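Here is the structure we will look at.
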Amino acid sequence: MEASLQHTPTWAAAVIFFFAVAVSYILAQSISFAGNWFRSHQKIALYDAIDKLKEELMILGFLSLVLAVVQRPISHICVPAKAADFMLPCRRLHPNPISSAAGYCVDRGMISLVSQQGIHQLHIFIFVLAVVHVLCSVTTMILGRAKMRRWKAWEKETQTTEYHVANDPNRFRLTRETTFAKRHISGATPSSSMYLWIKCFFRQFYDSVNRVDYLTLRHGFIMAHFSRHTTFNFHEYTNRSLDDEFKTVLRISPPLWFLVVIFMLVDIHGWYSYFWLSFAPLIIVLAVGTKLHVIVARMAVKLDREKIVITGAPPVQPNDDFFWFGNPRLILFLLHLAFFQNAFELTFFIWIWYEFGLKSCYHENFGITIARVTLAVVVQFLCSYITLPMYALVTQMGSEVKRSMFGERTKTVLRRWHKDVRVRRKKQHPHRSPPSTVSQLQQEISMQISSST
């Protein structure tokens with residue numbers, strides 16, 4: 001029987017307690033330092049993400065506290081022995097668990113609902129899941145931003161004379177003669193929708209974000225929301241938009257925790273449920289990646305139908321109707337679901353390896369285990385380096401500008417600026433009413449927004 005603190009040397013208890021406090025304090029200070037650094041460098045979205053991380057850690061702290069407090073009471077909840085033979089994750093080697101067990105419930109001819117050791121292992125699983133989810137989310141953002149750095153050169157190109165000459169608004173061109181149309185319209189007719197989806201499915205692997213697509217979507221976004229401001233830094237805007245949505249990706253919401261409960265419930269021996277569930281993130285990511293490319297292609301098709309001749313750059317028009325159910329946020333939800341489920345796959349493998357060993361009953365078919373881990377790594381790379389950058393670009397093609405991009409400081413400045421404009425216009429044009437809505441302000445605040453980005 002293991003010794004309690006009554007029979008443990010004080011120096012041993014003090015050393016363990018000291019290191020626990022030191023590690024916790026260093027972690028807290030590191031998170032605080034990262035938050036202050038993001039705030040000092042005007043990365044408000046990432047600063048908010050740090051706050052979300054603190055909230056998740058606080059929830060984990062409460063969860064750990066609850067499990068520690070109720071560990072013994074739960075182990076004293078007794079159930080009939082027959083219940084122990086129902087929905088087992090591994091084949092039971094000892095047919096009579098009561099004869100080889102000892103404890104509170106055995107004296108009553110029953111067994112514990114969950115033993116104290118089982119609760120401790122569950123505690124470790126929840127901790128590993130949270131850590132792996134955060135690490136996978138950070139890795140996803142790092143790889144995605146690395147892919148998006150190449151867009152910076154394309155953004156600088158829009159300020160060159162060559163770009164303005166090539167996209168002269170007084171220059172007439174046939175829509176199908178533009179590079180954007182040649183890339184997407186070939187074969188894309190209403191009767192060849194299947195061909196369009198197949199082409200977009202394979203395009204995400206070899207030509208995810210093209211220079212022509214970036215410049216065309218950039219032009220369409222600016223013309224739709226800031227038509228007077230051709231020097232808007234669209235690359236910086238997409239980066240900040242992605243930082244803002246990182247808060248959603250980082251958070252483990254109650255539905256996701258409930259999803260973990262479902263995964264644990266169906267982990268029954270002989271079902272191989274985790275093997276089949278490991279394909280879900282791959283299917284979601286491939287479907288989302290294909291849909292994002294289809295959106296761009298259909299924007300080109302719509303432009304060709306409506307305008308045979310264009311002036312300047314192809315004037316694509318952002319619209320929520322291009323997205324599933326007219327909701328661009330649904331794409332983010334699906335990606336978040338895929339990220340979390342993929343993190344769960346990696347967590348489960350690490351936890352089983354740590355608690356039960358690599359060749360445990362959970363890994364009876366080791367080939368399936370290797371396939372699951374390999375698939376999780378592939379999905380992680382596919383999400384981070386291919387799908388996420390494409391999402392960051394195409395999601396801007398919704399009907400509305402993301403209001404979350406306007407931080408509180410920017411909103412305060414705009415309100416003050418708007419008030420000054422009202423006063424000046426009232427003096428200069430007594431019979432002309434100043435703009436009062438966000439849509440009316442968009443044309444006039446573009447310079448302020450660009451300077452803030």
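Every heavy atom of this structure was used, including side-chain atoms; hydrogens, water molecules and symmetry mates were not. Everything numeric here is computed off the predicted structure, so don't read it as measured data.
Checked against the 6.0 Å centroid threshold, Trp353 and Phe349 count as a close aromatic pair.
In this structure a side-chain-to-backbone donor-acceptor pair under 3.5 Å is missing from Thr395 to Ala392. Here the side chain of Lys199 pairs a donor or acceptor atom with the backbone of His184 at under 3.5 angstrom. With Gln380 contributing its side chain and Cys136 its backbone, the two residues share a donor-acceptor pair below 3.5 Å. Put simply, the side chain of Asn36 gets close to the backbone of Ser32: a donor and an acceptor are under 3.5 Å apart. Of the possible donor and acceptor atoms, one in the side chain of Ser273 sits under 3.5 Å from a partner among the backbone N and O of Val266. Under the 3.5 Å distance criterion, the side-chain polar atoms of Asn233 are matched with a main-chain donor or acceptor of Glu236. A donor-acceptor pair is defined here as one N or O able to donate and one able to accept, closer than 3.5 Å; no such pair exists between the side chain of Asp321 and the backbone of Gly326. Between the side chain of His235 and the backbone N or O of Trp154 there is no donor-acceptor pair closer than 3.5 Å. Looking at Ser278, its side chain does come within 3.5 Å of a backbone N or O of Phe275 through a donor-acceptor pair. In this structure a side-chain-to-backbone donor-acceptor pair under 3.5 Å is missing from Glu345 to Phe340.
More than 12 heavy atoms of other shown residues, nucleotides or ligands fall within 6.0 angstrom of atom CZ in Phe263. For His120, the NE2 atom sits in a loose shell: 12 or fewer heavy atoms of surrounding residues, nucleotides or ligands are nearer than 6.0 Å. Remark: Phe356 CZ is packed, more than 12 non-hydrogen atoms of other residues, nucleotides or ligands lying under 6.0 Å away. The 12-atom threshold is not exceeded at CZ of Phe325, counting heavy atoms of other residues, nucleotides or ligands nearer than 6.0 Å. Residue-environment remark: CZ (Phe205) exceeds the threshold of 12 foreign heavy atoms within 6.0 Å. When the shell of 6.0 Å around OH of Tyr206 is examined, it contains more than 12 heavy atoms from other residues, nucleotides or ligands.
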Intermediate values then yes/no, salt bridge (charged side-chain N to carboxylate O under 4.0 Å, His left out), Glu155 and Arg218: CA-CA 9 Å; Glu155 188 68 34; Arg218 173 190 180 276; 3.0 Å; yes
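Using bins of under 30°, 30° to 60° and over 60° for the plane-to-plane angle, the ring pair Trp151/Tyr214 lands in the tilted bin. Ring geometry for Phe348 against Trp351 counts as tilted: the plane angle lies between 30° and 60°, on a 0 to 90° scale. Note: Tyr385 and Phe381 have parallel aromatic rings, judged against thresholds of 30 and 60 degrees for the angle between ring planes.
Judged by the 6.0 Å distance and 45° axis criteria, Lys291 is not positioned over the aromatic ring of Phe323.
In this structure, CG on Leu382 lies 4.5 Å from OG1 on Thr387, to the nearest 0.5 angstrom. To the nearest 0.5 Å, atoms CE (Met148) and CG (Asn239) are separated by 4.0 Å. Considering CG of Leu334 and CD1 of Ile284, their distance stands at 6.0 Å, rounded to 0.5 Å. Here the OG1-CG distance, from Thr216 to Leu303, works out to 9.5 Å after rounding to the nearest 0.5 Å. Here the CG atom belonging to Leu337 is positioned 6.0 Å from the CG atom belonging to Leu259, to the nearest 0.5 angstrom. In this structure, the separation between CD1 on Ile119 and CD1 on Ile74 is 4.0 Å, given to the nearest 0.5 Å.
The residues Arg211 and Glu157 are annotated as salt-bridged, a charged nitrogen and a carboxylate oxygen being separated by less than 4.0 angstrom.
Two residues are said to be in side-chain contact when any heavy atoms from C-beta on lie closer than 4.5 Å; Met194 and Ile198 meet this criterion. By the 4.5 Å heavy-atom criterion applied to side chains, Met299 and Met397 are counted as neighbours. Counting heavy atoms from C-beta on, the side chains of Leu358 and Phe366 come closer than 4.5 Å. Between Thr290 and Arg203, every side-chain heavy-atom pair lies at or beyond the 4.5 Å cut-off.
Gln396 and Ser241 share a donor-acceptor pair across their side chains, judged by distance under 3.5 Å alone.
In this structure, Ala224 and Pro318 approach most closely via the heavy-atom pair CB-CD, 3.7 Å.
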